[in-house]
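Remember, it's a predicted structure, so these values are computed and weren't measured experimentally.
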Amino acid sequence: MDVSHILDHLNDQQREAVTSEKKHLMVLAGAGSGKTRVLVHKIAWEVEALRRNPASIMAVTFTNKAALEMRSRIEELLETPIMDGWVGTFHGLAHRMLKRFHKEAGLSNSFTILDSDDQLRIIKRISKELGFDESLWPSRQSQWQINAWKDEGFRSDSVDDKGDYFKETINKVYKEYEKACLRDNLVDFGELLLRSYEVIKENSLVKDFFHSRFKSILVDEFQDTNTIQYNWLLEIASAETSITAVGDDDQSIYGWRGAKVENVESFTKTFEDTEIVRLEQNYRSTNIILGAANALIENNVDRLGKNLWTDKLEGEPIILYQAYNEQDEARFVADILKDWMNKGEMYSDAAVLYRSNAQSRALEEALLRSSIPYRIYGGQRFYERMEIKNAIAYLKIIFNNSDNPAFERSISNPTRGVGEKTLAKIRSTANKYNISYIKASAKLIDEGSIGGRGGTGLKSYLEFIARCKEFIEENPLSDLMEEIIKTSGLSAFHGKEPGEKGKTRVENLEELISATTNFEQSVREEKTYKEIAEDYLDMISLDSGDRQASEHDDAAQLMTLHSAKGLEFKLVLITGLEETLFPHGRSMENPAQLQEERRLCYVGITRAMEKLYITYAESRRLHGSDTFNPPSRFIKEIPKALINEIRPRAQTHIPYNRKDFKETKLEFEDEIGISLGQRVLHKSFGEGVVLNYEGSGDSARVQINFDQAGTKWLVLSYANLEKL
DNA sequence: ACCTTCTTTCTTTTT
DNA sequence: GAAAGAAGGT
């Protein structure tokens, strides 16, 4: 067969990667160097040149979106649909494995996937039952720690908590949480991976299945793998399996949620027969933009090393704008976008990036004022909305009696007189007889042990669920969905919430009905109504829907730097480059975290194809008070020659806040005797400049940027500062 | 069970 | 300054 078409449009490095004959392959793919291209072509190469069965290839990604894109690009290149291919996300593939081998995994065939909301609710209950004070031991924190342990591969009995009071305490919650999950057949996201890792490791039948089937595993965004994902991959691979890992250590920005860049290095060390290919030619950005990115990232140590180059034009200089405050910054952004459009460009080719979501408000207001259409990424996703989750809970309980979280959610939304007390009764009965909550409720009703409001409500609920079960035998999913939303009283319940909120909720519920209609129409095979509904539930359990609004309008894109990864835009504006904001204050002390911030900045810069703007504000209203932060250190790390700095125009543009600034400054000076910007001397930290303050009297604290020691908050009455 | 008021917190986010 | 969550009152 002629396979040249696979190699035709690749550069030397890309071709080297695709045709590499070593057993394993590590592709260090710089931003915009065509990494997905290599991944897709590598698969095509294995199928067409090496004559591998497509079913023997596994391709793993992190997001559903990436998996979908990879699949369709492979199909496009091979000109044939992949029928039984294991192309998907880590969690999706682990889920598939656990469904197939549920017996071996010690799960029932209808285990429930717990999202983080449900997980938190269960942890809260356990924490309470153990008598922990929520304010001392916040459940959120316990949840975080438990998930971190799972990501590291620890079960509660293997956690090393000896002598660590904090860990010992949370591990008590973990232990109970494990029990509860086991009893109710609940599997959280971390558990999908941990459990499937354990099964394949310990069960030879499962191991044989994977080892004999998969000859090649390809992993995207390898720098984002955490410990359990890495080990999971190593378990799935047999001694004969070749692994292709594609990643970029410079774009590792998820260390805070357990991702280990070190996996890149340990992979090449563990497997001797690994070819390392660097993709360094960038097809995206101008020379100037790339120069800035390269110079910035040079400041990180521990890099694997890589220097992007391009044969594109120099391009225009990067523009740096110093704004008075966040409003001025936003206005500037709006002006630039207007200009962009007036030059005949599309808004949708422009992105405005920021470090944290809170920054979007000022930008949105300015864009709204200038009537610039924008689309904002972030915020809640469709299947995470409360009203949607409530409706879905009904669907879940109809198809799975033992889905206790779905029972709890549906029984109390809408409220029907069944409160905490009745629920406690149901829970204890269920535990006593080892039955599901819904069976326990039926039992209690039959026994007549629940009377009054609770009894009536519970009874009609059970009848409703029973009716729905019959309904789906003869009717499509979308009709059932409509029945649930209308007849259960959910629509009315959410509709009477105050203000716009209630209206949107009802609209979303309507939207859910059409979502199910769409799903039905996309099903190709002959399936019963019931099967389609079950597929739908499976689909949404690992895909929380889109987070963006209407696709079609020509709108400027607003998003955090994190969500910009993997995207590209002709015009990029990175806003809020101020110390404490970006790099974020919480990451400034720790060198590893600071490097991650720098990589985040690198990701931001490398999103730009043609034109890059960087802005920062002298003063910014944050958490209700004005802050004055110096420009980000990242700005200084970009060579001056690549930057064109522009300052605000006429003084008349000075906004009101400027006045407030002076007033607070004066007040503060009167009271405390120190003003912002004042240089001071501290006994141990040396010289520094006052950046910010809060509080008054004895509790007043000042933030000082010391020349040597960095930025610190000090209580003024103890600091003994000397004015210089 | 529901509503109101107070307190607390304020990075990033996929599955 | 605002949103979310807890606590307390009806």
Side-chain angles (χ1 to χ4, degrees), chain A residues 60-67 88-95 113-121 124 128 133-135 138-141 144 147 150-151 187-194 221 224-226 228-229 252-259 353-362 377-381 383-384 386 412-423 452-454 457 493 496-498 501 539-545 547 559-566 576 580-588 593 596-597 599-601 603-604 621-627:
Chain A
V60 197
T61 64
F62 277 85
T63 65
N64 291 302
K65 198 174 147 208
T89 63
F90 276 100
H91 293 88
L93 298 179
H95 180 220
I113 295 181
L114 223 48
D115 66 20
S116 31
D117 254 25
D118 295 337
Q119 184 188 37
L120 181 61
R121 195 161 303 131
K124 260 191 183 145
K128 207 170 186 177
D133 182 351
E134 183 68 30
S135 56
S139 295
R140 274 192 184 285
Q141 185 179 262
W144 176 271
N147 287 335
K150 289 199 177 196
D151 286 348
V187 174
D188 60 44
F189 292 132
E191 185 74 23
L192 282 170
L193 285 156
L194 180 53
E221 305 277 16
D224 289 338
T225 51
N226 62 29
I228 194 70
Q229 286 159 341
S252 156
I253 54 174
Y254 288 110
W256 52 273
R257 65 177 195 212
L353 309 181
Y354 36 81
R355 174 68 238 262
S356 61
N357 285 307
Q359 287 166 252
S360 72
R361 169 163 298 188
Y377 289 66
Q380 265 202 328
R381 303 161 91 199
Y383 288 107
E384 279 167 2
M386 200 217 290
S412 33
N413 294 290
T415 49
R416 43 168 68 79
V418 179
E420 203 37 56
K421 266 193 160 161
T422 317
L423 221 45
R453 225 177 300 265
F493 174 67
K496 69 172 200 286
E497 286 184 62
K501 213 173 187 171
M539 191 270 291
I540 60 174
S541 67
L542 289 173
D543 188 351
S544 39
R547 48 167 67 241
M559 68 189 87
T560 63
L561 286 144
H562 281 91
S563 24
K565 193 170 90 160
T580 334
L581 199 66
F582 189 29
H584 195 272
R586 297 207 168 179
S587 305
M588 290 197 312
Q593 287 182 37
E596 183 156 309
E597 295 282 314
R599 291 193 292 265
L600 190 56
C601 188
V603 166
R621 226 176 152 67
L622 221 68
H623 316 317
S625 59
D626 285 314
T627 53

*OP1, OP2 of B:dT15 versus side-chain N and O of A:R257: anything below 4.0 Å?*
no
*For the residue pair A:E221 and A:T61, confirm or rule out a side-chain donor-acceptor distance under 3.5 Å.*
no
*Remember a base hit wins even if backbone is also touched, and classify A:D115 as base, sugar-phosphate or nothing at under 4.0 Å, heavy atoms.*
nothing
*Compare all side-chain heavy atoms of A:T560 with those of A:Y354 and state whether any distance is below 4.5 angstrom.*
yes
*For A:R361, report the nucleic acid contact type (base, sugar-phosphate, nothing); a contact means any heavy atom under 4.0 Å.*
sugar-phosphate
*Would you mind telling me which of B:dT12, B:dT15, C:dA6 lies closest to the side-chain atoms of A:R355?*
B:dT12
_Please report the distance, rounded to the nearest Å, between CG in A:N64 and C1' in B:dT13._
14 Å
*Atom-to-atom span, CG of A:L600 to P of B:dT13 - whole angstrom*: 10 Å
*Give A:S587 one of three labels, base, sugar-phosphate or nothing, depending on what nucleic acid heavy atoms sit under 4.0 Å from its own.*
base
*Does A:T560 put a side-chain nitrogen or oxygen below 4.0 Å from OP1 or OP2 of B:dT13?*
yes
*May I have the distance from A:Q141 (atom CD) to B:dT11 (atom C1'), rounded to whole angstrom?*
16 Å
*On a whole-Å scale, what distance lies between the C1' atoms belonging to C:dA3 and B:dT14?*
24 Å
*What's the NZ-P distance between A:K65 and B:dT13, to the nearest Å?*
13 Å
*Mind telling me whether B:dT11 is syn or anti, cutoff 90° either side of 0?*
syn
Interface polar pairs with nucleotides 6-10 of chain B, N/O, under 3.5 angstrom:
residue	atom	partner	partner atom	Å
B:dC10	OP2	A:R586	NH2	3.1

*Checking A:N64 side chain against A:L542 main chain: does a donor-acceptor pair fall under 3.5 Å?*
yes
*Under 4.0 Å: is that the gap between some side-chain N or O of A:K124 and OP1 or OP2 of C:dA6?*
yes
*Name the stems that DNA chain B belongs to, where each is three or more consecutive Watson-Crick or G-U pairs with both distances under 3.5 Å?*
B:1-10 with C:1-10
_Checking contacts here: which listed nucleotide (B:dA1, B:dT12, C:dA6) is nearest the side-chain heavy atoms of A:E134?_
C:dA6
*Rounded to the nearest 0.5 Å, what separation is found between the CG atom of A:N413 and the CE atom of A:M386?*
7.5 Å
_Please report the distance, rounded to the nearest Å, between CG in A:D117 and P in C:dA4._
12 Å
*Between B:dT12 and C:dG5, how far apart are the P atoms? Round to whole Å, please.*
15 Å
*Would one find a side-chain N or O of A:N357 under 4.0 angstrom from OP1 or OP2 of B:dT12?*
yes
*Please work out if A:V418 contacts a base, only the sugar-phosphate, or nothing of the nucleic acid, heavy-atom cut-off 4.0 Å.*
sugar-phosphate
*Less than 4.0 Å between a side-chain N and a carboxylate O, is that true for A:K150 and A:E191?*
yes
*Could you state the CH2-C1' distance from A:W144 to B:dT14, rounded to the nearest angstrom?*
12 Å
*Kindly state whether the pair A:Y254 / B:dT13 counts as stacked, where counting means centroids closer than 5.5 Å and planes tilted less than 30° apart.*
no
_I need the CD-C1' distance between A:E596 and B:dT13, as an integer number of Å._
12 Å
*Quick one: label A:E191 by what it contacts on the DNA or RNA (base, sugar-phosphate, nothing), any heavy atom closer than 4.0 Å.*
nothing
*Determine the contact category for A:G417: base if any of its heavy atoms lies under 4.0 Å from a base atom, sugar-phosphate if only primed atoms, P, OP1 or OP2 are that close, otherwise nothing.*
sugar-phosphate
*Would you indicate what A:R416 reaches in the nucleic acid, counting non-hydrogen atoms under 4.0 angstrom: base, sugar-phosphate, or nothing?*
nothing
*Tell me which of A:H562 and A:L542 sits closer to the 5' end of DNA chain B, going by the nucleotide each one is nearest to.*
A:H562
*When you measure from the side chain of A:E134 to the backbone N and O of A:S139, does any donor-acceptor pair fall under 3.5 Å?*
yes
*asked:* Testing the 3.5 Å rule here: is there a donor-acceptor pair between the side chains of A:S356 and A:Q359?
replied: yes
*Without swapping roles, check the side chain of A:E597 against the backbone of A:H584 for a donor-acceptor pair under 3.5 Å.*
yes
*asked:* When you compare the side chain of A:D115 with that of A:Y383, does any pair of heavy atoms fall below 4.5 Å?
replied: no
*Whole angstrom is fine here: how far is it from CG in A:L353 over to P in B:dT12?*
14 Å
_Minimum-distance pair of heavy atoms, taken over all atoms of A:I228 and A:L194_ = CD1-CD1, 3.7 Å
*For A:L581, does its backbone N or O pair with a side-chain atom of A:R355 as donor and acceptor, under 3.5 Å?*
no
